[in-house]
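Everything below concerns the one structure shown next.
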Amino acid sequence: MARRSSVEVIPRAGSVITIEAPASPIAAGPFTAEESARIRADFPILGREVNGHPLTYLDSGATSQRPRQVMDTERAFATEHNSAVHRGAHSLAALATESFEDARARVARFIGADDDEIVWTSNATEAINLVAYAISNASIAGGDAAVRLAPGDEIVVTEQEHHANLIPWQELAARTGARLRFIPVDDEGALVLEELDAIVGERTRILAFTHVSNVLGSVSPVDTLVARAREVGALTLLDACQSVPHMAVDVRALGVDFAVFSGHKMLGPSGIGALYGRRELLNALPPFLTGGSMITTVTMERAEYLPAPQRFEAGTQRVSQAIALAAAVDYLDALGMARVEAHEAALGRRLAEGLSAIEGVRVLGPVAGRERVGLASFDVVGIHAHDVGQFLDDRGIAARVGHHCAQPLHRRLGITASTRASAYIYTTEEEVDRLIEAVADSREFFGVRP
Amino acid sequence: MSSSELQSLYQEIILDHSRQPIGFGGLTGDAAGRSHQLNPTCGDEVTLELDVDDAGLVGLRWEGHGCAISQASASLLSELVERGLTIEELSERIDVFRTAMRSRGAIEPDEELLGDAAALGGVSRYIARVKCAMLAWVAAEEAVARARA
């Protein structure tokens with residue numbers, strides 16, 4: 001019997017919830033059938049039926065499901081020591097503050113950062129907006145030169161970006177007079193790196209890009225992009241929404257200046273996300289939201305601010321969500337991110353190969369056999385994605401349809417919408433096969449089969 | 001196997017209209033009323049033009065792209081208008097159609113008033129798809145308002 005590794009959640013707070021990793025002698029590779037069954041048993045929602053079929057949940061790229069350990073942790077906080085953090089001297093306030101900061105430390109460790117380099121936000125979108133607004137605040141008020149933009153400066157994104165990593169930069173450019181440029185993609189959606197040096201140059205101040213495309217499932221060449229940004233002295237922001245939940249991410253090893261991710265895509269609750277920023281940069285940025293809990297001295301005329309991360313956490317924080325997110329991180333840690341990545345890579349391959357084998361189905365992104373995470377978007381020629389999604393839903397299969405918040409990328413690939421299946425730790429090969437069979441059958445139902 | 005609900009959503013008449021839509025194309029750009037409607041969640045689009053002839057009857061043409069429901073709905077609306085409707089009659093039918101669509105399956109569309117468009121009744125049970133079915137009708141409503149203005 002292999003030893004089980006375990007992690008204690010809320011160690012200082014009354015009821016202790018223990019998260020157990022599935023016992024396994026296998027150090028790498030996808031989860032075994034036994035491990036898979038044990039993982040799935042932690043997710044109550046996976047036991048439900050939809051439209052008379054067992055739920056086949058293939059929309060984890062949009063939002064993941066929560067294990068009972070995460071829900072129990074949030075409930076334990078609410079029932080046993082709910083209180084405001086960073087204010088008040090009573091026992092519950094102290095316990096809550098300790099749990100809240102302990103959660104920050106665990107999430108920081110999960111991505112290789114220091115505690116004070118993690119700022120809680122509502123989600124990744126808010127985290128990107130925080131950076132963009134702090135930079136424009138610095139630009140207006142004559143802040144630190146390292147984080148100031150002026151007309152003539154350039155912000156660069158990629159054509160793959162989710163709207164959340166595009167529109168905040170469009171708006172920042174409009175507010176500061178900077179110019180927004182982008183690294184284009186080719187017909188398969190891959191970044192055209194031949195143009196990198198021409199686009200990211202001396203005028204570039206910010207390079208913001210996704211780690212893993214939420215449409216293509218491809219992994220960006222972070223090293224190449226960061227190296228070029230450093231060469232020209234530009235700051236980098238990594239949209240890690242689709243990487244942090246699915247693979248081991250070490251922000252310091254990647255060398256990025258900022259990174260953002262959302263809790264609800266990594267087994268956590270909604271309403272919590274995080275911004276990672278290098279300590280000196282966070283402390284060079286002026287606040288985005290102002291108010292209580294982020295100040296040192298306040299007079300009727302002005303205020304002085306706490307160092308990061310508190311200076312970015314105005315008002316009452318999402319305490320139970322942060323603590324639950326740390327429980328999610330513990331759950332993933334106990335599984336091992338290398339195993340998670342291997343499990344999903346195998347599912348991604350199965351998805352891409354199975355879907356590509358269906359006549360009239362175009363899989364977006366890397367061709368079958370090339371590196372992709374456990375995610376595949378596809379176009380069933382002759383059937384609109386909404387109709388495909390409706391057909392899948394009829395069989396209890398939950399997949400995402402539409403442009404997945406990436407209109408420019410879809411437009412570049414010559415389509416307005418696609419269907420996306422995205423896997424996670426609890427996804428099985430049988431579920432992937434169920435999807436593939438249903439997609440093939442949808443062609444018959446809608447009469448596009450030759 | 002597909003459920004009977006799915007079969008009633010995608011009736012053969014709906015799939016036929018989505019494949020060979022009526023009233024598609026020939027936009028002039030100088031119609032009495034014109035409207036462009038976009039469903040931002042899926043990118044479905046309809047541009048619709050409307051004229052009223054000397055006898056007071058509505059003429060309608062449209063272009064767009066989208067799911068089978070949105071395309072069939074625009075086509076079925078065109079077919080209905082081709083029967084010969086005044087602008088008041090069209091407005092009345094848009095209201096009848098909307099009421100049925102919003103009823104979550106409680107109200108069967110009136111075939112007398114809506115013709116084959118009544119086949120879209122099954123859509124009202126699928127809340128997420130009501131917008132698809134309404135797209136062309138909302139465009140027609142706006143075009144009517146502009147033609148009257």
Side-chain angles (χ1 to χ4, degrees), chain A residues 49-54 59 62 162-163 167 215 377 379-420 434 437-450, chain B residues 1-21 24 36-47 62-76 101 104-105 119-136:
Chain A
E49 287 197 343
V50 171
N51 297 326
H53 296 269
D59 197 18
H162 187 285
H163 297 161
I167 303 169
V215 174
S377 300
D379 177 37
V380 185
V381 178
I383 314 177
H384 191 276
H386 258 199
D387 298 319
V388 174
Q390 196 76 60
F391 185 86
L392 298 177
D393 180 64
D394 191 56
R395 295 189 180 185
I397 301 171
R400 173 92 183 256
V401 297
H403 48 63
H404 322 312
C405 300
Q407 283 184 14
L409 178 59
H410 276 83
R411 202 171 292 123
R412 174 63 182 82
L413 298 176
I415 49 180
T416 52
S418 63
T419 307
R420 182 184 73 183
R434 225 176 280 159
E437 187 188 355
V439 171
D441 290 350
S442 73
R443 300 185 71 239
E444 187 168 22
F445 181 83
F446 290 106
V448 296
R449 211 166 177 166
Chain B
M1 271 308 98
S2 308
S3 69
S4 57
E5 287 84 7
L6 195 74
Q7 313 243 358
S8 87
L9 177 66
Y10 291 109
Q11 291 175 39
E12 206 50 48
I13 187 170
I14 291 174
L15 293 179
D16 285 345
H17 272 269
S18 75
R19 288 186 203 111
Q20 284 171 322
F24 189 95
H36 172 249
Q37 295 293 325
L38 173 72
N39 182 349
T41 59
C42 57
D44 287 3
E45 268 180 274
V46 165
T47 304
W62 63 281
E63 285 178 12
H65 56 86
C67 66
I69 304 293
S70 72
Q71 300 301 287
S73 184
S75 175
L76 287 159
M101 281 300 114
R104 298 196 175 192
L120 289 160
V123 178
S124 73
R125 276 187 291 272
Y126 293 86
I127 301 159
R129 305 305 297 277
V130 169
K131 259 192 161 177
C132 310
M134 284 304 303
L135 199 65

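Proteins get letters first, then strands, A, B, ... in listed order; numbering begins at 1 in each.
Between the CG atom in B:Leu6 and the CZ atom in A:Arg395 there is a gap of 9.5 Å [rounded to 0.5 Å]. The distance from the CG atom of B:Leu9 to the CZ atom of A:Phe391 is 12.0 Å, given to the nearest 0.5 Å. Summarising the geometry, atom CD belonging to B:Glu45 is positioned 8.5 Å from atom OG1 belonging to A:Thr416; distances are rounded to the nearest 0.5 Å. The NE2 atom of B:His65 lies 12.0 Å from the CD1 atom of A:Ile415; values are rounded to the nearest 0.5 Å. The distance from atom CG of A:Asp394 to atom OH of B:Tyr10, rounded to the nearest 0.5 Å, is 9.5 Å.
Summarising the geometry of A:His386 relative to B:Cys132, their closest heavy-atom pair is ND1-SG, 3.8 Å, with the distance given to 0.1 Å. Among all heavy-atom pairs drawn from B:Arg19 and A:Phe446, the shortest one is NH2-O, 2.8 Å.
Interface summary for chain A: among B:Asp44, B:Leu15, B:Ile69, B:Asn39, the most heavy-atom pairs under 4.5 angstrom belong to B:Asp44.
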**Request:** For side chain to side chain contact (heavy atoms under 4.5 Å, CB included), just list the numbers for A:Asn51 and B:Glu5, CA-CA rounded to whole Å, side-chain angles, deciding distance to a tenth of an Å, and then say yes or no.
**Result:** CA-CA 10 Å; A:Asn51 297 326; B:Glu5 287 84 7; over 6 Å; no

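Using a 4.0 Å cut-off between a side-chain N of Lys or Arg and a carboxylate O of Asp or Glu, B:Arg129 and A:Asp387 qualify as a salt bridge.
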